[in-house]
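On a predicted model such as this, the values are computed, not experimentally measured, just so you know. The figures here come from the full heavy-atom set of this structure, side chains too, leaving out hydrogens, waters and symmetry mates.
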Amino acid sequence: MEEDFYGSAYRGSRNANQKEPRARRASGFGGMIDDSMGHEFDLNEQLVINKPATFFLRMKGDAMTGAGINDGDLLIIDRSIKESNGKIIATAVDGELLVRRFQKTFNRVVLEPENKKYKSIEIGEFNTHMTWGVVTCVIHVLEPALNLI
């Protein structure tokens, strides 16, 4: 199964090369500061594949806990990646924004939750369905009460 990826001419805001952070033994906060001095590490450069087509979404609810997506987590979503079987997508169904696993067969589309408390949603001919993008990364937030965005 081949996946279409539509890139853009935009390749980032800096010309600096990103360096992989050096991994060393954990020896306290001071050791970590000494190791990272002089090295830039930008999460946008590391986690965002196609900048113009990417947006961030805060997860609300527990429908995808089986996939490791918890309430309050930050999702990185790429609009340029085409939805395909098994991908986790952000989608609007009848005006409600959902994050679910996409499954398509010959004649039906089903949005699967990763929590047994929720039912699968079958997209019928009378449903309005618009995919916003494919989830490419999940950032777990330790303190969901913090409003970082």
Side-chain angles (χ1 to χ4, degrees), residues 1-26 32 35-36 39-149:
M1 175 171 54
E2 188 173 311
E3 185 176 312
D4 294 331
F5 179 78
Y6 301 99
S8 70
Y10 180 72
R11 297 291 178 215
S13 58
R14 291 197 313 251
N15 293 328
N17 292 334
Q18 291 292 314
K19 297 179 181 177
E20 292 296 321
R22 291 186 288 166
R24 287 184 49 164
R25 67 184 189 283
M32 186 170 43
D35 287 346
S36 64
H39 299 288
E40 291 183 12
F41 187 76
D42 184 6
L43 286 178
N44 286 315
E45 297 291 330
Q46 297 292 323
L47 302 178
V48 176
I49 299 167
N50 187 353
K51 288 178 182 15
T54 300
F55 66 97
F56 297 85
L57 180 71
R58 175 87 55 197
M59 180 68 180
K60 298 287 183 195
D62 60 350
M64 297 301 290
T65 55
I69 301 174
N70 302 314
D71 184 44
D73 285 351
L74 189 61
L75 307 178
I76 300 176
I77 299 172
D78 191 333
R79 295 182 75 113
S80 68
I81 300 174
K82 187 177 178 182
E83 62 188 15
S84 61
N85 282 339
K87 299 270 186 194
I88 297 175
I89 63 170
T91 183
V93 178
D94 297 330
E96 183 181 2
L97 184 60
L98 303 170
V99 176
R100 298 289 191 271
R101 190 171 300 277
F102 181 82
Q103 298 293 335
K104 183 176 183 178
T105 60
F106 177 70
N107 60 352
R108 72 181 235 188
V109 172
V110 178
L111 302 175
E112 299 282 344
E114 295 284 335
N115 188 336
K116 294 181 182 182
K117 293 188 333 185
Y118 298 91
K119 294 181 181 180
S120 299
I121 300 171
E122 185 170 347
I123 304 300
E125 62 180 299
F126 299 111
N127 296 106
T128 57
H129 168 255
M130 185 177 99
T131 299
W132 285 26
V134 174
V135 176
T136 58
C137 188
V138 178
I139 300 173
H140 294 291
V141 179
L142 297 177
E143 295 288 334
L146 292 177
N147 291 324
L148 301 175
I149 294 180

Approximate separation, where rounding is to 0.5 Å, of [X] [atom1] and [Y] [atom2]:
| X | Y | atom1 | atom2 | value |
| --- | --- | --- | --- | --- |
| Ile76 | Leu57 | CD1 | CG | 11.5 Å |
| Leu111 | Ile123 | CG | CD1 | 4.5 Å |
| Ile89 | Lys82 | CD1 | NZ | 12.5 Å |
| Asp73 | Met59 | CG | CE | 8.5 Å |
| Tyr118 | Leu98 | OH | CG | 10.5 Å |
| Glu83 | Thr91 | CD | OG1 | 7.0 Å |

- Indicate yes or no for a side-chain donor-acceptor contact from Thr136 to the backbone of Ile77 under 3.5 Å, with no hydrogens or angles considered. no
- Item | Exam field: side chain Asp94 to backbone Thr128, donor-acceptor pair closer than 3.5 Å | yes
Where [X] and [Y] come nearest, the two heavy atoms and their spacing:
| X | Y | value |
| --- | --- | --- |
| Gly61 | Asp71 | N-OD1, 2.8 Å |
| Asn127 | Gly124 | OD1-N, 2.7 Å |
| Val138 | Gly68 | CG1-O, 4.1 Å |

- Message: Tell me every residue that passes salt bridge (Lys or Arg N to Asp or Glu O under 4.0 Å) with Asp62, counting only those two or more places apart in sequence or in another chain.
- Response: Lys117
- Applying salt bridge (Lys or Arg N to Asp or Glu O under 4.0 Å) to Arg100 and not counting sequence neighbours gives none
- Item | Pairwise side-chain contact, Val99 with Ile88, heavy-atom cut-off 4.5 Å (strictly under) | yes
- Task: Scan for side chain to side chain donor-acceptor pair (under 3.5 Å) pairs involving residues 102-114, sequence neighbours excluded, and state none if there are none.
- Result: Arg101-Glu114, Glu112-Ser120
- Query: Yes or no on side chain to side chain contact (heavy atoms under 4.5 Å, CB included) for Asp78 and Val134, after CA distance, side-chain angles and deciding distance?
  - Reply: CA-CA 5 Å; Asp78 191 333; Val134 174; 5.6 Å; no
